[in-house]
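What follows is a single structure, written as structure tokens, with notes after it.
Ligands are counted one by one from 1 in listed order, and the atoms in each one are counted from 1 as well.
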Amino acid sequence: MLWEAWQYLTTPASPIVRKMGYLYEAIAMAARLGRCRYSWQPHYQQCQQAIKHAMMQCKTKRKALIMGAGLLQDIPLAQLSSEFEQVLLVDMVFLKQAKQQAASYSNVQCIEFDVTESIENMFHGVLQVTEPQAWLSDDQIDLVVSLNLITQLPLLPVSWLMKQFHMDEQQADQIGQALISAHLAYLQKFNAPICLIADRLDREFDSHGQLIDEFDSWWGVTQPGLVQSWDWELMPFAESGRLRKRRVNQVGVSYFNVA
Ligand SMILES: C[S@@+](CC[C@H](N)C(=O)[O-])C[C@H]1O[C@@H](n2cnc3c(N)ncnc32)[C@H](O)[C@@H]1O
């Protein structure tokens with residue numbers, strides 16, 4: 001608790017990042033990683049393998065753009081740094097540990113940026129999803145990775161809009177779907193190999209291993225075809241306390257512009 005509070009107080013972050021909960025969630029995720037490191041390792045290795053596969057498809061290796069970089073655990077950072085001229089790590093917020101890790105490579109940069117380009121609008125209660133444009137005109141981008149990010153895009157804005165602006169559930173569904181669809185369309189506009197790693201199905205099991213809940217993490221948006229998938233034990237029993245349940249996400253990889 002002390003560590004979390006210290007991080008919250010000392011991490012530089014904009015008012016939007018603080019008020020909408022991005023900083024809180026990043027710290028909670030880092031704390032959960034500390035407790036679940038062992039069960040999350042296979043997921044991180046699979047993510048890194050998928051990114052390495054996409055790297056092999058790049059004819060030139062000038063800039064790699066990694067969106068949703070967060071805690072950097074699922075990124076083969078040393079290899080990206082040694083093969084690419086520049087590595088751009090993008091997220092709403094980076095904690096100190098991630099910034100320090102990135103700073104140990106001279107060609108790796110942490111960029112705090114909203115990849116939906118809509119969050120500021122939503123912070124002010126404007127229910128409008130814009131088409132992201134960032135980096136589309138940069139013809140040196142030779143690899144794009146969206147990393148465990150797409151299904152997370154609606155969560156905090158929708159919760160903010162419901163709490164602060166009394167948005168109803170129908171509007172929430174529309175905004176959630178629009179954010180996911182806009183990110184998918186945005187990725188597909190890049191003229192480079194694209195690696196999309198995302199959860200596809202969230203499942204909860206009771207202590208007898210019985211499936212108790214299952215939901216589509218894509219808010220009903222049609223998911224692109226998978227080339228590979230695995231289970232990520234996001235919440236082992238020990239994490240759920242008195243709830244006594246496990247949460248397992250099916251994570252899948254899609255590639256675009258890859259032979
Ligand atoms: C499930 S985490 C994955 C993080 C990282 N890949 C990892 O596992 O350590 C999702 C990440 O998406 C980031 N994120 C959510 N919405 C975002 C947005 N609109 N723009 C940029 N990053 C966003 C969060 O801050 C978080 O780091």
Side-chain angles (χ1 to χ4, degrees), residues 7-8 11 13-14 16-34 36-37 39-48 50-51 64-77 80 87-99 101-102 110-123 128-135 144-161 175-176 178-184 186-187 195-200 202 217-219 230 232-235 247 249-253:
Q7 293 291 316
Y8 196 81
T11 304
S14 69
I16 292 183
V17 163
R18 281 182 184 274
K19 289 187 180 162
M20 289 182 78
Y22 290 98
L23 177 58
Y24 177 91
E25 285 301 324
I27 294 168
M29 177 108 180
R32 221 171 300 139
L33 166 63
C36 303
R37 193 173 287 279
S39 48
W40 287 10
Q41 255 343 288
H43 161 69
Y44 285 147
Q45 280 162 11
Q46 294 272 15
C47 292
Q48 294 202 14
I51 297 171
L65 178 64
I66 317 291
M67 295 189 256
L71 307 175
L72 317 188
Q73 301 293 309
D74 39 8
I75 303 172
L77 197 56
L80 277 165
V87 180
L88 311 180
L89 303 176
V90 181
D91 203 289
M92 283 296 276
V93 63
F94 287 99
L95 301 185
K96 264 171 270 172
Q97 241 177 331
K99 285 182 191 158
Q101 193 185 336
C110 287
I111 303 169
E112 291 184 337
F113 183 77
D114 160 31
V115 300
T116 70
E117 299 176 37
S118 298
I119 300 301
E120 190 167 353
N121 270 343
M122 293 186 190
F123 179 70
Q128 192 186 328
V129 174
T130 51
E131 287 179 24
Q133 299 297 324
W135 295 286
V144 179
V145 178
S146 171
L147 190 50
N148 295 305
L149 167 71
I150 193 167
T151 61
Q152 305 298 303
L153 294 175
L155 302 182
L156 292 175
V158 161
S159 146
W160 172 264
L161 287 165
I175 291 287
L179 285 167
I180 289 179
S181 302
H183 184 67
L184 195 55
Y186 171 53
L187 291 178
C195 173
L196 167 65
I197 302 177
D199 49 337
R200 301 294 182 127
D202 297 358
S217 2
W218 283 59
W219 298 55
W230 59 87
W232 175 15
E233 184 156 18
L234 186 64
M235 186 176 77
R247 184 157 164 207
N249 285 0
Q250 185 203 31
V251 179
V253 185

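- A side chain to side chain contact (heavy atoms under 4.5 Å, CB included) with Asp114 is found for exactly one of Ile119, Asp91, Val17, Val90, namely Ile119.
- For atom 3 (C) of ligand 1, the closest heavy atom belonging to the protein is Asn148 O, 3.6 Å.
- Between Leu71 and ligand 1, at least one N/O pair is under 3.5 Å apart.
- The number of heavy atoms from other shown groups lying within 6.0 Å of NZ (Lys96) is above 12.
- Within ligand 1, counting atoms from 1 as listed, the ones closer than 4.0 Å to a heavy atom of Leu147 are 6 (N).
- Within ligand 1, the atoms closer than 4.0 Å to a non-hydrogen atom of Thr116 are 19 (N), numbered from 1 in the order shown.
- Proximity to Leu153 (heavy-atom distance under 4.0 Å) selects the following atoms of ligand 1: 16 (N), 17 (C), 18 (C), 19 (N).
- Under 4.0 angstrom from ligand 1, the non-hydrogen atoms of Gln152 all belong to its side chain.
- Residue-level proximity to ligand 1 for Cys47 is absent, since no heavy atom of it falls below 4.0 angstrom.
- Counting only heavy atoms of the protein, atom 26 (C) of ligand 1 lies nearest to Asp91 OD2, 3.5 Å.
- In this structure, the protein non-hydrogen atom closest to atom 19 (N) of ligand 1 is Asp114 OD1, 2.9 Å.
- Inclusion of Leu149 in the set of residues having an N or O under 3.5 Å from an N or O of ligand 1 is not warranted.
- With a 4.5 Å cut-off on side-chain heavy atoms, Asn249 and Ser217 do not count as touching.
- Protein heavy atom nearest atom 17 (C) of ligand 1, with residue, atom name and distance: Met92 CG, 3.5 Å.
- In this structure, Tyr186 and Met67 have side chains that are in contact, with non-hydrogen atoms separated by less than 4.5 Å.
- Residue, atom and distance of the protein heavy atom nearest to atom 7 (C) of ligand 1 are Asp74 OD2, 3.3 Å.
- Looking at Leu179 and Met122, their side chains come closer than 4.5 Å, going by heavy atoms from C-beta outward.
- Within the 4.0 Å heavy-atom shell around ligand 1 one does not find Ala26.
- Relative ring orientation between Phe123 and Trp160 is described as parallel, the plane-to-plane angle staying below 30° on a 0-90° scale split at 30° and 60°.
- Contacts with ligand 1 closer than 4.0 Å are made by side-chain heavy atoms of Tyr22 only, the backbone lying farther away.
- The contact set between ligand 1 and Phe113, taken as ligand atoms under 4.0 Å from a residue heavy atom, comprises 20 (N), 21 (C).
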Determine, step by step, whether Trp232 and Asp199 satisfy the side chain to side chain contact (heavy atoms under 4.5 Å, CB included) criterion, reporting the C-alpha distance in whole Å, the side-chain angles of both residues, the deciding distance to 0.1 Å, and the verdict.
CA-CA 9 Å; Trp232 175 15; Asp199 49 337; 5.8 Å; no
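- Other residues, nucleotides and ligands contribute over 12 non-hydrogen atoms within 6.0 Å of the CZ atom of Phe113.
- Between Val115 and ligand 1, a contact under 3.5 Å exists for at least one N or O pair.
- By the 6.0 Å contact criterion, CD on Gln41 is enclosed, its count of non-hydrogen atoms from other residues, nucleotides or ligands being greater than 12.
- At least one test fails for Arg37 against the ring of Tyr44: distance under 6.0 Å to the centre or angle within 45° of the axis.
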Run Ile66 and Leu72 through side chain to side chain contact (heavy atoms under 4.5 Å, CB included) and show every step you take.
CA-CA 10 Å; Ile66 317 291; Leu72 317 188; over 6 Å; no
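- In terms of N/O distances under 3.5 Å, ligand 1 is approached by Gly68.
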